[in-house]
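Structure first, commentary second.
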Amino acid sequence: MTVTNARHQPMLSGAFVPVADELDVDGLRVSGTLPEALQGTFIRNGPNPMFEPRGRYHMFDGDGMLHAITIRDGHASYRNRWIRTAALEAERRAGRALYGGVGEMHFPSREEVGDAGSLKNPANTHIVRHAGHDLALWEGGLPTEVTPDLETVGPYDFGGRLDGALTAHPKIDPRTGELLAFAYLPFPPYLRYYQVDAGGALVRSVDVPLETAVVMHDFAITEHHVVFVESPMVFDLAAALAGESMFRWDPDHGTRVGVLPRDGDEATWYEADDTYLNHFWNAWEEGQSIVFAGSRQVGSAFTAGKGGAMDDASADAEPGRPTRFVVDRAAGKVRVDQFDEMGGDYTRINDAYCGVRSRYLYMGGFSGEATIVGHFDTVVKYDDASGERTTWGVGAGCITGEACFAPDPDGVAEDDGWLLAHVTDRGAGTTDMVVLDAREVAAGPIARIHLPWRLPFGFHVNWFPA
Ligand SMILES: [Fe+2]
């Protein structure tokens, strides 16, 4: 794609400039030593528009592209593929962009796109593996199944049991093998909870009525409950259609934490200090209380559309701050404690601890000036037991994205394993995949895999052991 109007498209310039090709490269150069036990594939999903947008572009709208780095016996290879959604295939047939989205709404006609639908599902946010299916996720539509080789299979609706949106942040309970998920909707009941059993069958769908549509990007699970945060970030489709931001911070709306028994039908809601949680770290039960943590934003977390912050992508918003919440169910109160000043997001844990108490929390942090969420300068680890924070700064002129935890298969302790992330040198225009020892984050990478090109801005990553 040639961007002819980049000056007016901040989310297509600098680190956002998309790549134009699909590559297969073996024998990547490796500096340092890859751990013998680190065998598998590190995959990142993210927006990479194939065609010049027909209107104002927002990163939420870009066609999903998967970037996979496979490590086998100390050798590394790279592959990237666009996710061939029905909407992208319609655009490929037309040879140009047909849709507009969060950046500037445009719904193509049925004549233009056939059965692809009037709303583009770019499948660009995350990738998870459950019950033998690799699912590329976008919270406004169905999952898109892909193969481990990154070929697109097609929309995935759990055998017809899912009729629309699914969060990009489902949770897999490592003890039961279940996948728990939800969807926020622009129409009543506004929120729906889904239970998928370990075999991949969607077995339960529960309406969780809200009074209005709010943005809900993530949630959390415990052994017996799921936790929602209904924030003042309201979702306004009518505003989007009028060319305004579809996300709006409404302080009159208030914030409620919802606790729904995993097998129940009715949530209990607790008033809380105003909070938008883009991402949760984890949640767990302590007696009658439920504890959870995440990166808390107050005020406008992000906007889009003509009235939004699109004109200066670098000044997006105040970053979230690491915060712990205690839902005292006996007292009916929520305690909110920010535990660090550092801004950051893309909060992760060792996923084997999903739903039970986790001691170690990882995040992408901003040590300097905040930039757009997803462009961090620091890899951060918190020890929730000691309160200690350890960091590794990725270097002057460099940015990093999400770091995920890859467990050492022979490990015992919660942090026995590695943190995997991408680091892009903006000046040199190169990207490395870095491997940090999760026990020694401050020591920096023990290995770097040099990619064949600069990886553009992206969203979430996951590690799939061989
Ligand atoms: Fe996310």
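For ligands, and for the atoms within them, numbers begin at 1 and follow the listed sequence. Along the sequence shown, residues carry numbers from 1.
- Residues satisfying the ring pair (Phe, Tyr, Trp, His ring centres under 6.0 Å) criterion with Phe158, sequence neighbours excluded, are Tyr156.
- Without hydrogens or angle criteria, His133 side chain to Leu135 main chain gives no donor-acceptor distance under 3.5 Å.
- In summary, the side chains of Tyr78 and His67 do present a donor paired with an acceptor at a separation below 3.5 Å, with no hydrogens or angles considered.
- Listing protein N, O or S atoms at distances below 2.8 Å from the Fe ion (ligand 1), with waters left out, gives His169 NE2, His217 NE2, His279 NE2, His460 NE2.
- Checking side-chain atoms of Asp236 against main-chain N and O of Met246 turns up no donor-acceptor pair under 3.5 Å.
- For Arg389 and Tyr382, the positive end is not near the middle of the six-membered ring at less than 6.0 Å and at most 45° from its axis.
- By the 6.0 Å contact criterion, CZ on Arg129 is enclosed, its count of non-hydrogen atoms from other residues, nucleotides or ligands being greater than 12.
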